[in-house]
Asker: 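Before I ask anything, let me first share the structure, which is written out below as structure tokens.
Here is how names work: the chains are called A, B, and so on, in the same order as the sequence lines, proteins then strands, and each is numbered from 1.
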Amino acid sequence: MPVLNMVEAIRATLAAEMTRDERIILLGQDIGRNGGMFRATEGLQQRFGEDRVVDMPLAEGVIVGSAVGLACSGLRPVPEIQFLGFASQAFHQLEGQVARMRFRSQGRFPIPVVIRAPFGGNVRTPEMHSDAHEAKYANSPGLKVVMPASARDAKGLLTEAIRGEDPVLFCEPLRGYRLIKDEVPEDDYATQFGRLRTVREGSDVTLVAWSAAVVVAEQAAELGAAEGISCQVVDLRTLVSLDAGGLGEAVARTGRAVVIHEAPLTAGFGAEVVATIVEEAFWSLTAPIARVAAPDTPYPISSLEALYVPSAERALRTIRRVMQAG
Amino acid sequence: MPVLNMVEAIRATLAAEMTRDERIILLGQDIGRNGGMFRATEGLQQRFGEDRVVDMPLAEGVIVGSAVGLACSGLRPVPEIQFLGFASQAFHQLEGQVARMRFRSQGRFPIPVVIRAPFGGNVRTPEMHSDAHEAKYANSPGLKVVMPASARDAKGLLTEAIRGEDPVLFCEPLRGYRLIKDEVPEDDYATQFGRLRTVREGSDVTLVAWSAAVVVAEQAAELGAAEGISCQVVDLRTLVSLDAGGLGEAVARTGRAVVIHEAPLTAGFGAEVVATIVEEAFWSLTAPIARVAAPDTPYPISSLEALYVPSAERALRTIRRVMQAG
Amino acid sequence: MADGSATVAFRGNRVGAVATATERPAPTRILAPDGTVPDGSRPPLPVDELLAAFRLMLLSRRVDERASNLQRQGRLGTFSPVHGQEASVVGSARALDPVRDWVVPQYRELPAMLRHGYTLERFFLYFKGNPEGNRMPDGVKLLPYQISLATQLPHAVGLAWGLRHQGLDGVVCVYFGDGGSSEGDFHEACNLAGLRRAPVIFLLQNNGWAISTPVRKQTAAPSLASRAAGYGFPGELVDGDDFFAVYDATSRAVARARAGEGPTLIEARTYRMGPHNTADDPTRYVDPAELEVHRALDPLTRLRAFLEDSGVLQAEVEERMRTEIEQEVAGALAAAEAHPGPHPAQIFDHVYGEEPARLAAQRRALEDGL
Amino acid sequence: MADGSATVAFRGNRVGAVATATERPAPTRILAPDGTVPDGSRPPLPVDELLAAFRLMLLSRRVDERASNLQRQGRLGTFSPVHGQEASVVGSARALDPVRDWVVPQYRELPAMLRHGYTLERFFLYFKGNPEGNRMPDGVKLLPYQISLATQLPHAVGLAWGLRHQGLDGVVCVYFGDGGSSEGDFHEACNLAGLRRAPVIFLLQNNGWAISTPVRKQTAAPSLASRAAGYGFPGELVDGDDFFAVYDATSRAVARARAGEGPTLIEARTYRMGPHNTADDPTRYVDPAELEVHRALDPLTRLRAFLEDSGVLQAEVEERMRTEIEQEVAGALAAAEAHPGPHPAQIFDHVYGEEPARLAAQRRALEDGL
Ligand SMILES: Cc1ncc(C[n+]2csc(CCOP(=O)(O)OP(=O)(O)O)c2C)c(N)n1
Ligand SMILES: Cc1ncc(C[n+]2csc(CCOP(=O)(O)OP(=O)(O)O)c2C)c(N)n1
Ligand SMILES: [Mg+2]
Ligand SMILES: [Mg+2]
């Protein structure tokens with residue numbers, strides 16, 4: 001099986017799906033000749049032409065908003081927002097339009113639109129480029145929110161997203177584009193939404209994460225192992241659809257849970273994970289569930305980001321605390 | 001003490017603060033001659049002039065965005081967004097600009113801007129007018145999120161918001177504008193953020209709510225009392241700043257908690273409440289914390305909204321379940 | 001240059017480059033307020049087309065009255081009358097071909113929607129709170145009502161672009177107001193439309209008001225049509241109370257779009273004769289004198305005068321139309337009132353194509369709770 | 001009218017109302033690319049002003065080089081050079097009065113910021129990742145860098161309006177690019193500025209590119225300046241590589257704004273000679289021939305030629321400037337490198353005026369963890 005990094009897996013998947021289905025067109029800033037800021041669309045304009053890989057003007061609202069109309073015309077647009085932070089400019093189109101057109105039209109106009117957007121810290125970008133906004137979109141019914149943490153899943157989940165009938169916000173970890181590398185099957189497969197992935201088995205505590213934070217969780221699990229703490233690591237993969245049952249079962253196995261994410265703590269998606277665990281696995285809990293998140297401050301300037309984004313060391317401190325509790 | 005409804009309390013507070021501080025100016029759609037959709041600014045333009053009560057063009061982004069600049073010039077703007085759902089059009093200015101200018105400028109430019117916006121269901125408005133988006137803003141560091149549930153608090157919290165140095169999203173319950181009526185002291189007072197209010201004492205279960213859902217919680221408590229369930233009701237009042245300690249104490253007293261809110265369940269602020277309770281009062285819990293929220297669907301058309309918005313009956317069913325647990 | 005402090009003004013080829021716009025342009029007009037055609041041209045429309053248009057305007061006016069009454073009786077929710085804007089809506093809609101063209105509405109364009117294949121029954125259903133009322137009949141080329149102002153403009157551009165991408169020759173006509181034209185979505189949509197030469201017509205109904213905000217507080221632009229220049233396509237200001245002027249401008253825009261020449265912005269200057277919606281009290285902010293001026297420009301009266309003068313419309317014909325309309329409205333209302341109404345679980349329908357497990361559980365919980 | 005099917009075209013007073021804009025207007029120019037003034041007028045600026053402007057352009061060019069080198073060495077973060085746009089930035093900035101006027105930057109206007117009171121030391125600090133670098137010195141009338149494109153435009157309008165509201169006579173000059181001009185914020189800001197006659201200058205630097213997107217893929221508008229008409233204020237297209245043209249247009253805009261006549265949109269047509277930023281590789285998308293054309297229009301060379309021809313600038317004078325600049329840059333860099341660097345808890349500073357208890361607890365936890 002070939003080993004690909006995440007951006008390669010995404011590029012290959014886009015190419016494969018575009019070959020399979022003529023209705024797919026890509027829209028975004030600098031995605032054509034320049035191949036995208038991170039080369040996710042490199043070579044695709046040459047291959048599929050300017051009509052299917054479209055350089056868009058600098059206006060996120062209409063990148064997303066025109067995708068709604070393109071979908072109504074029968075196409076399957078896959079817009080890219082250069083950085084998830086700038087999807088805020090399109091927030092009204094995302095939460096109010098992309099997410100609701102099917103409902104509003106009582107099924108007449110499904111919106112099979114996949115919005116790709118990178119995000120995530122520790123890559124020394126300026127303000128707003130790293131912001132983890134997933135919770136806002138998870139609280140926007142009608143949207144699905146997908147956050148792969150491996151190249152294999154990037155392919156499987158993107159395939160599923162593109163072939164599905166529902167709008168998907170597909171968030172890609174900036175730092176993982178090149179750093180995350182794993183074996184990606186060459187055959188055609190789609191990874192069902194709503195099923196978490198057990199990344200590592202463990203018996204003392206369950207670490208719950210998604211996107212690049214899964215890597216942090218794995219590192220923390222390594223550190224924990226060195227101290228004799230056995231950490232299970234689960235990757236949620238899709239926040240909507242949430243695998244509530246799987247989450248409950250995973251935590252029930254260890255009785256303890258730590259959630260790790262890059263977004264600020266308050267009202268981050270970690271809160272939903274805790275609430276879901278409480279609903280699904282309360283009686284098996286032997287310690288309070290803890291969250292490791294960014295503090296409730298805006299994403300800081302580059303020299304301070306290593307302290308801001310949850311690290312394996314910070315996660316380990318919390319894991320220790322949870323192990324001592326109860 | 002005079003009894004005022006909520007919109008009267010808000011109007012009186014705006015007038016009092018504008019009299020006290022010349023730097024305050026109001027901006028919004030239809031707030032002048034028309035006095036606002038719900039008459040919150042009725043008579044204020046006549047009294048303070050067109051320069052201080054400004055009818056704005058139909059563009060939420062620049063209503064919020066120009067407030068940032070007005071604040072930088074030394075003024076204290078109080079923009080109104082006609083319905084919180086349309087703040088989505090200004091989302092990039094709210095979460096990216098209003099919330100962050102102080103941080104970005106390292107304190108040089110504080111943004112003492114209070115954005116007022118009504119929301120909430122069961123008033124038969126069209127799509128988007130009733131949406132409860134508070135969780136998205138609570139996950140936007142730099143903003144404070146305030147949600148009064150009584151006329152007295154509307155005055156106290158609005159006064160505090162306007163006099164403070166921080167940007168505040170001040171959400172007003174549409175249904176409560178006229179229905180919520182209580183005694184409002186005539187003297188000058190400001191209600192500190194970050195302190196929940198105990199609305200009703202009770203010993204079996206703690207109901208946590210904010211804004212119009214507090215009324216639902218009180219009704220549910222009444223229904224519960226009839227069945228011999230003693231419900232404590234707490235009103236969070238400010239989501240940011242969150243009274244985490246007070247919340248933990250309140251729940252510790254009963255050992256059980258039910259959170260009630262109007263927003264869709266997944267990643268709603270109820271999740272944060274659960275997570276916070278777990279952090280603050282885990283060992284005193286005798287049953288899983290439960291959430292009563294809207295389903296994970298867009299706000300529906302008027303004839304279906306009574307089923308969508310949490311009702312006292314629905315809350316009661318959950319309370320019973322929580323009482324039977326454990 | 002040693003004493004470079006001289007203060008003579010610069011000269012340059014400044015003239016061509018400075019764009020000032022202070023003149024208020026006059027709207028294109030074919031039909032005078034008294035129903036005559038001053039330049040003597042005979043509007044080139046077949047009689048049946050003229051009668052159909054007039055009938056649709058009459059129907060619209062009647063639905064406004066009926067629906068307002070029903071709303072007062074609590075039999076219908078809040079809705080926004082078309083009153084005063086009939087020529088603008090009908091004149092543009094009838095220049096489209098419902099078989100291949102699309103209409104993207106805001107919420108004040110009922111006759112355009114009807115002409116395109118929407119039904120009065122669904123209209124009543126919708127305003128009685130039934131979500132089915134916002135499902136456009138299959139095959140009908142209409143997007144649903146849009147509550148969030150101007151958000152439909154990017155949709156319309158995407159739709160037009162998508163049609164063209166697929167080699168279809170449809171044109172998209174998107175409606176919005178003077179208020180909506182201030183939203184960022186207007187700008188982004190126009191700019192993209194220009195770039196992609198999308199076959200889209202931006203039909204801006206400038207009816208003088210955005211709720212209580214008069215257009216002079218909405219913009220300092222002497223005309224909204226003039227904005228098209230900033231996107232590289234034509235803009236046209238027409239008398240929106242003149243059926244012919246609107247029909248003609250739209251027809252030309254359709255022809256341009258169909259021929260691959262791209263978008264057009266049409267500003268139809270009209271007037272909202274009624275309240276913003278049935279919950280609004282315009283006496284709080286509308287100057288009665290201004291209203292009187294516009295009453296004299298009533299688009300329906302104007303077209304009737306022309307049709308009567310040209311011998312196309314006789315009193316009996318209008319009478320017959322009115323009777324038919326009465327029956328049509330009554331029939332649609334009865335059908336809507338006989339409708340079983342939405343099932344509670346309809347809250348969950350059509351949210352997703354593939355329903356997440358959590359939502360399915362919520363659906364079951366609701367059904368159990370009933 | 002019986003055979004109303006005739007197809008003669010309508011006639012109306014269509015002419016005045018149709019706005020088409022297909023001609024590409026020529027930018028205002030005073031100084032020819034060879035440094036001569038074709039119409040013979042003597043630019044009315046004092047010698048010391050001319051030398052100060054030239055020196056600032058020289059400084060900017062030098063900082064670009066230095067900072068690019070430092071970035072390659074890993075001593076500085078990614079930044080966006082001004083290279084090619086010096087006349088546009090300096091010409092506009094020097095027409096402002098730093099004592100009362102404000103500059104609202106995007107991120108590519110270092111010389112305008114320096115002229116207004118920002119320091120090179122802070123510039124280096126900022127791009128070394130120290131948040132202090134984005135704190136404008138007290139009293140200096142400058143907003144911080146803005147990363148989110150075009151979001152600063154509404155701020156600038158609010159600021160200008162606020163100054164006027166308080167009876168101050170300051171003018172706000174806000175910078176943005178051809179890319180940013182496509183954002184909805186541009187439209188909403190311009191429209192409000194027109195309505196409030198805000199004393200604001202929209203200084204649009206059309207440098208041909210938004211990262212890899214050429215301006216022809218950004219808009220179909222023949223000129224971006226033409227958009228001003230749609231907001232009721234003047235727009236002017238100037239040669240952005242001509243210091244005098246930019247200075248002159250800005251001066252007139254300042255005068256208008258100061259006199260209460262409201263906003264102006266200035267499109268300075270220039271060219272980005274370098275990469276978008278130090279992480280960008282323009283060879284992927286810039287045609288080398290196009291770059292050559294623009295190299296010949298270099299704004300610095302052009303102004304130098306004029307100054308030398310007019311006897312204002314001698315080789316020794318420029319040499320002396322260069323030496324001073326070298327010292328200035330080295331001094332600022334040394335000071336920035338000597339700076340202790342941010343304290344970790346600075347993450348928490350300036351988020352709120354009144355810090356919520358939870359944030360205070362997070363601060364303590366971080367400090368404990370260190
Ligand atoms: C984005 C948004 N902001 C505010 C509103 C509330 N609102 C509903 S209608 C209206 C005025 C619309 O005016 P205009 O666009 O001129 O259309 P008209 O009602 O005159 O047909 C407003 C402010 C809304 N529906 N959407
Ligand atoms: C809202 C937003 N969208 C996207 C980006 C990413 N981005 C940074 S610079 C840039 C191009 C800007 O072009 P232009 O406005 O012409 O300014 P220039 O870089 O040419 O000075 C883009 C797309 C951003 N910073 N903000
Ligand atoms: Mg209007
Ligand atoms: Mg540019």
Asker: Rounded at 0.5 Å granularity, tell me how far CD1 in D:Ile347 sits from CZ in B:Phe103.
Answerer: 7.5 Å
Asker: Please report the shortest heavy-atom distance between B:Cys72 and D:Trp102, naming the atom on each side.
Answerer: O-CH2, 4.3 Å
Asker: Look only at the side chain of D:Asn191 and the backbone of B:Pro57, and say whether a donor-acceptor pair between them is shorter than 3.5 Å.
Answerer: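 Flag not set: sc D:Asn191 to bb B:Pro57 has no pair under 3.5 Å.
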Asker: Taking the side chain as every heavy atom from C-beta outward, state whether B:Val62 and D:His187 have any atom pair closer than 4.5 Å.
Answerer: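 The answer is no; the side chains never approach within 4.5 Å.
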Asker: Start with the C-alpha distance between D:Arg196 and B:Val54, add both sets of side-chain angles, then the distance that settles side-chain contact (heavy atoms from CB on, under 4.5 Å), and finish with yes or no.
Answerer: CA-CA 10 Å; D:Arg196 303 226 61 90; B:Val54 184; 3.0 Å; yes
Asker: Mark yes or no for whether B:Arg108, through its side chain, and D:Pro137, through its backbone, hold a donor-acceptor pair below 3.5 Å.
Answerer: yes
Asker: Test side-chain hydrogen bond (donor to acceptor under 3.5 Å, both in side chains) on D:Gln152 and B:Gln97 and set out the steps.
Answerer: CA-CA 9 Å; D:Gln152 76 277 21; B:Gln97 302 301 321; over 6 Å; no
Asker: Are side-chain heavy atoms of D:Pro154 and B:Gln93 found at a separation under 4.5 Å?
Answerer: yes
Asker: Quick one, D:His165 and B:Ile25 - any side-chain contact, counting heavy atoms below 4.5 Å?
Answerer: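 D:His165 reaches B:Ile25 side chain to side chain.
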Asker: Is B:Arg104 salt-bridged to D:Glu132, cutoff N-O under 4.0 Å?
Answerer: no
Asker: Looking at chain D, which one of B:Pro77, B:Gly194, B:Gly107 has the largest number of heavy-atom pairs inside 4.5 Å, strictly under?
Answerer: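 So the answer, after comparing B:Pro77, B:Gly194, B:Gly107, is B:Gly107.
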Asker: Would you mind telling me which of B:Gly142, B:Ala67, B:Ala59 has the largest number of heavy-atom pairs within less than 4.5 Å of chain D?
Answerer: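 Of B:Gly142, B:Ala67, B:Ala59, B:Gly142 has the most heavy-atom pairs under 4.5 Å with chain D.
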Asker: Got a donor-acceptor contact below 3.5 angstrom from the B:Glu165 side chain to the D:Tyr352 backbone?
Answerer: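 No, B:Glu165 side chain to D:Tyr352 backbone: no donor-acceptor pair under 3.5 Å.
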Asker: Would you mind reporting whether B:Met56 and D:Leu195 have side-chain heavy atoms less than 4.5 Å apart?
Answerer: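 SC-SC contact between D:Leu195 and B:Met56 ruled out.
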Asker: Report the option among D:Leu359, D:Val140, D:Leu163, D:Val104 that has the most heavy-atom pairs separated by less than 4.5 Å from atoms of chain B.
Answerer: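 The answer is D:Val140.
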Asker: What part of D:Asp349 gets closer than 4.5 Å to chain B, counting heavy atoms only: side chain, backbone, both or neither?
Answerer: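 For D:Asp349, the contact with chain B is made by the backbone alone.
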Asker: If you count heavy atoms of other groups shown closer than 6.0 angstrom to CD of D:Glu367, is the number above 12?
Answerer: yes
Asker: Are side-chain heavy atoms of D:His350 and B:Pro110 found at a separation under 4.5 Å?
Answerer: no
Asker: As a quick check of understanding, evaluate side-chain contact (heavy atoms from CB on, under 4.5 Å) for B:Asp166 and D:Glu354, giving each step before the final call.
Answerer: CA-CA 7 Å; B:Asp166 294 316; D:Glu354 287 142 276; 3.9 Å; yes
Asker: Quick check: do D:Trp161 and B:Ser66 have side-chain heavy atoms less than 4.5 Å from each other?
Answerer: yes
Asker: Measure distances from B:Gln192 to the heavy atoms of chain D and classify the residue's part below 4.5 Å as side chain, backbone, both or neither.
Answerer: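 No part of B:Gln192 comes within 4.5 Å of chain D.
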Asker: About how many Å separate CZ of B:Phe109 and CZ of D:Arg135, when rounded to the nearest 0.5 Å?
Answerer: 8.5 Å
Asker: Among B:Leu58, B:Ile63, B:Leu143, which residue forms the greatest number of heavy-atom pairs with chain D at distances under 4.5 Å?
Answerer: B:Leu143
Asker: With rounding to the nearest 0.5 angstrom, report the NE2 to CD1 distance, D:His155 to B:Ile111.
Answerer: 7.5 Å
Asker: Is there a donor in the side chain of B:Ser73 and an acceptor in the side chain of D:Gln166, or the other way round, less than 3.5 Å apart?
Answerer: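 Yes, a side-chain donor-acceptor pair sits under 3.5 Å.
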Asker: Checking the side chain of D:Glu188 only, and the main-chain atoms of B:Gly61 only, is there a donor and an acceptor separated by less than 3.5 Å?
Answerer: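 Judged by distance alone, yes, a pair lies under 3.5 Å.
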Asker: Let me know if B:Leu27 has heavy atoms under 4.5 Å from chain D in its side chain, its backbone, both or neither.
Answerer: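 Contact with chain D involves the side chain of B:Leu27 alone.
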Asker: Looking at side-chain heavy atoms only, is the closest gap between B:Ser105 and D:Leu143 below 4.5 Å?
Answerer: no
Asker: Could you check whether any side-chain N or O of B:Gln106 sits under 3.5 Å from a backbone N or O of D:Pro131, counting only pairs where one atom can act as donor and the other as acceptor?
Answerer: no
Asker: Quick one: which of B:His92, B:Arg23, B:Glu22, B:Arg52 has the most heavy-atom pairs under 4.5 Å with chain D, could you say?
Answerer: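 Most heavy-atom pairs within the cutoff with chain D belong to B:His92.
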Asker: For D:Arg100, look at atom CZ and say whether over 12 heavy atoms of other residues, nucleotides or ligands are found less than 6.0 Å away.
Answerer: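 Yes.
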Asker: When only pairs under 4.5 Å are counted, which of D:Ser148, D:Ala357, D:Pro144 shares the most heavy-atom pairs with chain B?
Answerer: D:Pro144
Asker: Could you look at D:Leu153 and say if it's the side chain, the backbone, both or neither that has a heavy atom under 4.5 Å from chain B?
Answerer: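 When you check distances to chain B, no heavy atom of D:Leu153 falls under 4.5 Å.
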